[in-house]
Amino acid sequence: MTVKKIVIIFAAAAIFFPAMIRAAVPEYTVKRATGKIVIDGLIEEEDWKAALSFGDFKFPWYTSGEKEQTEAKMLWDNEFLYLYYKCRDKNVSVSKYNLNDGVSVDDAVEIFWNPNPGAQTRYYQFEINCIGNLLSVLNTGTSPRPTIMVPKRGHVIYGTVNNESDLDSLWTMEIAIRFSDYPEIVRSEIPLPGDMWRIGLNRCGGKVNAQYSQWSPSNTPTPQFHSPNDYGKLYFSSEPVRTVTTVNGTVSALPKAIDIRGNYPNPFNPSTVIEFSLSTPGSVALDIFSVSNQKVRTLVSGMLSTGAHSIVWDGKDGNGAPVSSGVFISRLKMGNTAVYHKMLMIK
């Protein structure tokens, strides 16, 4: 076979089998916030300054006009997933003012997020225009789409809305998604370090210079944000987003009030030792859950002293029956603070 024929064959394959040359989706690791995040759109906290950007948004269907960039960052803690957008925009416009209106025609941002990558056709959908009005639904591929809890949000516009006679600068959108508000497909109370979600971050709309841009581009010939297989991968890390300087000038991570240090052995059969620590004395609960968020057993419930502790789990549920093989989650809770750890039982 000649070189010319080989080239023709590969060119034909690229035309008829585009899925074979699909690019790998991007990844982002979200780190833990070390302090309080105020949802006001100002993005002045040191944690936000330390957080890494998702990188430049792509313009997969670009035809003409100025490519106005979007910067996005994320943080998380035991209660919320935080997200902010900084949107360059010389002409800010809005026309939708009612809840669950079609805000994507305005200057808007979107987050499509799926805590359960095994169910790619089911994902949460937030579309938020520059004044904070939003569409908030669970996308199941059917109609009508169920409405869901509205997240906290704050925004700032550096310019004037719906005034084409002047040039604006940018607008920001800050969002806090409370994990417990979305039980439909969130499998546990909060993510665990190492968990992976699929997310799509988008920018769209606007009366002047409307653009479609994305963090993880859709592999579609025309603008289409509902392409779940193209959503990027979001990994949760236990690492704090920044370190703090103590009074004596040393640098260290913020101390944890409670912590599960791990379990050994892991994987285990039939029993394992769970090690945890408290920075202050207090009333704590150590519970075991299945991955479907069903409580299996309570191992500790009551007052404990400061310092390191350990307890044996014999691999049995609250009724004394041995559990089956699989992943289990230990949750240590004191007051409103909780930490989690994954364990694997293998028989």
[X] bridged to [Y] by N-O distance under 4.0 Å:
X      : Y      : value
Arg153 : Glu174 : no
Lys49  : Glu44  : no
Lys90  : Glu66  : yes
Asp47  : Lys36  : no

For the [atom1] atom of [X] and the [atom2] atom of [Y], what is their distance to the nearest 0.5 Å?
X      : Y      : atom1 : atom2 : result
Phe59  : Tyr212 : CZ    : OH    : 13.0 Å
Ile157 : Asp107 : CD1   : CG    : 9.0 Å
Glu45  : Leu75  : CD    : CG    : 9.0 Å
Arg88  : Gln211 : CZ    : CD    : 15.5 Å
Ser53  : Glu71  : OG    : CD    : 4.5 Å

Steps toward ring-ring contact (aromatic ring centres under 6.0 Å, His included) verdict (Trp171, Tyr85): CA-CA 8 Å; Trp171 54 276; Tyr85 291 93; 7.9 Å; no

Min side-chain heavy-atom separation [X]-[Y] under 4.5 Å:
X      : Y      : result
Leu286 : Arg331 : no
Ser277 : His309 : no
Ser136 : Thr147 : no
Asn114 : Tyr124 : no

If two hydrophobic side chains count as joined below 4.5 Å and joins carry through other members, does [X] share a cluster with [Y]?
X      : Y      : result
Ile39  : Ile111 : no
Phe268 : Ile288 : yes
Leu234 : Val109 : yes
Ile43  : Met74  : no

Can Lys73 be said to sit on top of Phe54's aromatic six-ring, NZ or CZ under 6.0 Å from centre and within 45° of the ring axis? no

Would you kindly check if the NZ (Lys) or CZ (Arg) of Arg32 is within the cone defined by 45 degrees around the ring axis of Trp76 and under 6.0 Å from the six-membered ring centre? yes

Would Phe126 and Phe112 satisfy ring-ring contact (aromatic ring centres under 6.0 Å, His included), going step by step from the backbone distance to the final call? CA-CA 6 Å; Phe126 294 149; Phe112 297 171; 9.3 Å; no

Partner of Trp113 by ring pair (Phe, Tyr, Trp, His ring centres under 6.0 Å), out of Tyr123, Tyr231, Tyr182: Tyr182

For ring-ring contact (aromatic ring centres under 6.0 Å, His included), just list the numbers for Phe57 and Trp215, CA-CA rounded to whole Å, side-chain angles, deciding distance to a tenth of an Å, and then say yes or no. CA-CA 5 Å; Phe57 276 33; Trp215 167 57; 8.2 Å; no

Is there a donor in the side chain of [X] and an acceptor in the side chain of [Y], or the other way round, less than 3.5 Å apart?
X      : Y      : result
Asn263 : Thr272 : yes
Thr140 : Arg122 : no
Tyr340 : Asn78  : no
Thr70  : Arg203 : yes
Gln125 : Glu127 : yes

Would you say the ring centers of Phe236 and Trp197 fall short of 6.0 Å from each other? yes

Show the numbers, then the answer: is there a side chain to side chain contact (heavy atoms under 4.5 Å, CB included) between Asp168 and Val92? CA-CA 7 Å; Asp168 305 318; Val92 182; 3.6 Å; yes

Is there a side chain to side chain donor-acceptor pair (under 3.5 Å) between Thr298 and Asp287 once you walk through the steps? CA-CA 4 Å; Thr298 297; Asp287 298 304; 2.6 Å; yes

Candidate pair Asp314 and Arg297, rule salt bridge (charged side-chain N to carboxylate O under 4.0 Å, His left out), full reasoning: CA-CA 11 Å; Asp314 59 8; Arg297 187 172 173 183; 2.6 Å; yes

Step by step, work out the side chain to side chain donor-acceptor pair (under 3.5 Å) result for Tyr82 and Asp77. CA-CA 8 Å; Tyr82 303 99; Asp77 58 26; 2.6 Å; yes

